[in-house]
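A quick write-up on the structure given underneath.
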Amino acid sequence: QVQLVESGGGSVQAGGSLRLSCAASGNSYSTSYMGWVRQAPGKEREGVAAIYTGGYNGNSYYADSVKGRFTISQGNAKNTVYLQMNSLKPDDSAMYYCAAGAQFTAGWVRGHGFAYWGQGTQVTVSS
């Protein structure tokens, strides 16, 4: 059984930064891919960043909307993933979920393909 626990959300003004953390427990194969998916009220779910945790230099993936502003990384413990969010905009406000799975598909940008999900952490960016 895989459990994902997020932390680090909060409120910040536009242009500010936040760092989200996700700690995974359970089968490491099941968390070969870990990512962050967000959803704002009235909007569709959106994958923002993902990383392959199975190797030494995990390939990372980003939604166009966050490229150059967000960075996903692994901690020294492979089961920990971070999302550094810089130059935040009000449009970034959403519930952010840590997600994980053994497979990775093109549907990740819509939040598809992840088998495990955390409870979510709220990010609010004010103008």
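Quantities reported herein were computed from a predicted structural model and do not represent experimental measurements. These numbers come from the heavy atoms of this one structure, side chains and all, not from hydrogens, waters or symmetry mates.
Minimum interatomic distance between T31 and A24 (heavy atoms only, all atoms of both residues): CG2-CB, 4.1 Å. Residues E44 and Q39 share a closest heavy-atom pair of C-NE2, 4.2 Å. Shortest non-hydrogen contact noted between W117 and G111 is CZ2-O, 3.3 Å. In this structure, S126 and P90 approach most closely via the heavy-atom pair C-CG, 4.5 Å. Considering all non-hydrogen atoms of both residues, F114 and A99 come closest at CG-CB, 3.5 Å.
To the nearest 0.5 Å, atoms OG1 (T121) and CE (M95) are separated by 7.5 Å. Note that CZ of R19 and OG of S7 are 9.5 Å apart. Values are rounded to the nearest 0.5 Å. In this structure, OG on S127 lies 9.0 Å from CD on Q13, to the nearest 0.5 angstrom.
S65 meets the side chain to side chain contact (heavy atoms under 4.5 Å, CB included) test with R38, E46, A63; sequence neighbours excluded. Qualifying salt bridge (charged side-chain N to carboxylate O under 4.0 Å, His left out) partners for E6, counting only residues two or more places apart in sequence or in other chains: none. For the side chain to side chain donor-acceptor pair (under 3.5 Å) test, residues two or more places apart in sequence or in another chain that qualify with N86 are S17, Q84. For A115, there are no side chain to side chain contact (heavy atoms under 4.5 Å, CB included) partners, not counting sequence neighbours. In terms of the side chain to side chain donor-acceptor pair (under 3.5 Å) criterion, N79 has no residue partners (sequence neighbours excluded). Qualifying side chain to side chain contact (heavy atoms under 4.5 Å, CB included) partners for S25, counting only residues two or more places apart in sequence or in other chains: Q3. Applying the side chain to side chain donor-acceptor pair (under 3.5 Å) rule to D64 yields the partners K67; only residues at least two apart in sequence or on another chain are considered. In this structure, the side chain to side chain donor-acceptor pair (under 3.5 Å) partners of R69, at least two apart in sequence or on a different chain, are D92. Residues satisfying the side chain to side chain contact (heavy atoms under 4.5 Å, CB included) criterion with T124, sequence neighbours excluded, are S11, S93, Q122.
Side-chain atoms of S87 do not come within 3.5 Å of backbone N or O of G15 as any donor-acceptor pair.
The list of ring-ring contact (aromatic ring centres under 6.0 Å, His included) pairs with a residue in residues 10-33, not counting sequence neighbours, reads Y33-Y52, Y33-F104. Every pair tested for salt bridge (charged side-chain N to carboxylate O under 4.0 Å, His left out) that includes a residue from residues 116-127 fails, sequence neighbours excluded, so the list is empty.
By the 4.5 Å heavy-atom criterion applied to side chains, V109 and Y61 are not counted as neighbours.
In this structure, Y116 shares a hydrophobic cluster with V2, L4, V12, L18, L20, M34, W36, V48, I51, Y62, V66, F70, I72, V81, L83, M85, L88, Y96, V123, V125, the cluster being traced through Ile, Leu, Val, Met, Phe, Trp and Tyr side chains under 4.5 angstrom apart.
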